[in-house]
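Down below is the structure, laid out as structure tokens.
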Amino acid sequence: MKTLLLSLLCLFVWSQSSEALTDQQVVLGQNVTLACEYRLKGVIWFVMKLPARPEMILRTFGSEKKTEYYDEKFREKYSEGDRSRLVINNVSVDNLGIYYCIKPGFALQISDGIRLHTTEV
Ligand SMILES: *[C@@H]1O[C@H](CO)[C@@H](O)[C@H](O)[C@H]1NC(C)=O
Ligand SMILES: *[C@@H]1O[C@H](CO)[C@@H](O)[C@H](O)[C@H]1NC(C)=O
């Protein structure tokens with residue numbers, strides 16, 4: 001099931017045009033908040049760092065105490081903000097990538113991507 005979901009995500013993302021991206025500039029070392037275009041209580045966040053496969057980060061349920069992580073290693077780095085926003089703690093070069101949120105359900109809907117970049121190198 002997880003593999004199927006990932007395959008669908010790959011297909012989706014690769015067929016997407018670059019117009020479906022918004023850019024967000026970040027300052028390394030700061031906490032960054034990403035807003036999901038679906039203002040829902042429950043969404044799923046994932047990140048793409050090409051050419052690697054997408055990485056599922058967390059699922060929200062509208063309560064920070066309930067946030068579900070797909071990998072425990074993300075617990076320190078990511079947390080749930082208000083209205084399903086994704087908060088990245090102490091953003092580093094490793095965290096740069098394109099972030100998407102998913103509206104869960106039978107007809108999965110995937111948001112436009114938010115591409116993080118920094119002016120530093
Ligand atoms: C980032 O968030 C952490 C945890 O919430 C907090 O301790 C820290 O002071 C914040 N850092 C900045 C630069 O705002
Ligand atoms: C932030 O991350 C950098 C490297 O990614 C690390 O060296 C630094 O100690 C971190 N700062 C905090 C406050 O966690």
Side-chain angles (χ1 to χ4, degrees):
M1 182 56 206
K2 209 165 169 186
T3 315
L4 174 64
L5 184 58
L6 281 176
S7 312
L8 287 173
L9 289 179
C10 290
L11 265 179
F12 169 83
V13 171
W14 284 327
S15 61
Q16 230 190 5
S17 74
S18 59
E19 279 132 54
L21 282 179
T22 52
D23 285 296
Q24 185 166 332
Q25 190 164 325
V26 300
V27 178
L28 299 181
Q30 296 279 301
N31 297 337
V32 174
T33 302
L34 306 183
C36 176
E37 69 182 68
Y38 310 122
R39 289 162 197 275
L40 299 169
K41 288 189 169 164
V43 301
I44 294 165
W45 280 97
F46 73 97
V47 60
M48 298 260 312
K49 294 177 228 169
L50 291 171
R53 66 178 71 196
E55 278 193 291
M56 309 300 287
I57 302 170
L58 56 77
R59 177 162 185 169
T60 71
F61 297 91
S63 150
E64 285 173 46
K65 290 191 190 80
K66 262 196 182 170
T67 312
E68 207 169 77
Y69 289 84
Y70 289 94
D71 189 324
E72 283 302 311
K73 74 180 180 198
F74 292 137
R75 199 174 277 279
E76 295 223 318
K77 180 55 76 178
Y78 298 100
S79 54
E80 175 179 356
D82 245 14
R83 271 173 291 155
S84 294
R85 288 189 173 94
L86 181 71
V87 180
I88 311 175
N89 219 340
N90 185 21
V91 70
S92 73
V93 173
D94 272 354
N95 309 134
L96 300 180
I98 307 175
Y99 287 78
Y100 296 86
C101 62
I102 299 176
K103 175 182 176 178
F106 177 70
L108 287 182
Q109 263 184 283
I110 305 184
S111 71
D112 286 350
I114 303 169
R115 180 166 50 196
L116 298 190
H117 60 94
T118 172
T119 50
E120 298 152 76
V121 264

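Read the numbers this way: they start at 1 and go in the same order the structure lists the ligands and their atoms.
Each of the following atoms of ligand 2 lies closer than 4.0 Å to a heavy atom of S92: 5 (O).
A distance-only check finds no donor-acceptor pair linking the side chain of Y100 to the backbone of M48 [under 3.5 Å]. Side-chain atoms of T60 come within 3.5 Å of backbone N or O of K41 as a donor-acceptor pair. Side-chain atoms of N89 never come within 3.5 Å of backbone atoms of Y78 as a donor-acceptor pair (strictly under, hydrogens ignored).
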Assess the residue pair E55 and F74 against the criterion (side chain to side chain contact (heavy atoms under 4.5 Å, CB included)); give the C-alpha distance rounded to whole Å, side-chain angles, the decisive distance to 0.1 Å, and a yes or no. CA-CA 10 Å; E55 278 193 291; F74 292 137; 3.6 Å; yes
Hey, mind stepping through C101 and Y38 against side chain to side chain contact (heavy atoms under 4.5 Å, CB included) and telling me if it holds? CA-CA 8 Å; C101 62; Y38 310 122; 3.9 Å; yes
Report the C-alpha separation of E80 and K66 in whole Å, then their side-chain angles, then the decisive distance to 0.1 Å, and conclude whether the salt bridge (charged side-chain N to carboxylate O under 4.0 Å, His left out) test is met. CA-CA 9 Å; E80 175 179 356; K66 262 196 182 170; over 6 Å; no
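Looking from atom 13 (C) of ligand 1 to the surrounding protein, the closest heavy atom is Q30 NE2, 4.2 Å. Looking only at heavy atoms of the protein, atom 4 (C) of ligand 2 is closest to N90 ND2, 4.7 Å.
Shown here, atom 11 (N) of ligand 1 is in close reach of the protein: a heavy atom of it lies under 4.0 Å off. Atom 8 (C) of ligand 2 lies below 4.0 Å from at least one non-hydrogen atom of the protein. Counting only heavy atoms, the protein gets under 4.0 Å from atom 2 (O) of ligand 1.
The shortest N or O to N or O distance between N31 and ligand 1 is below 3.5 Å.
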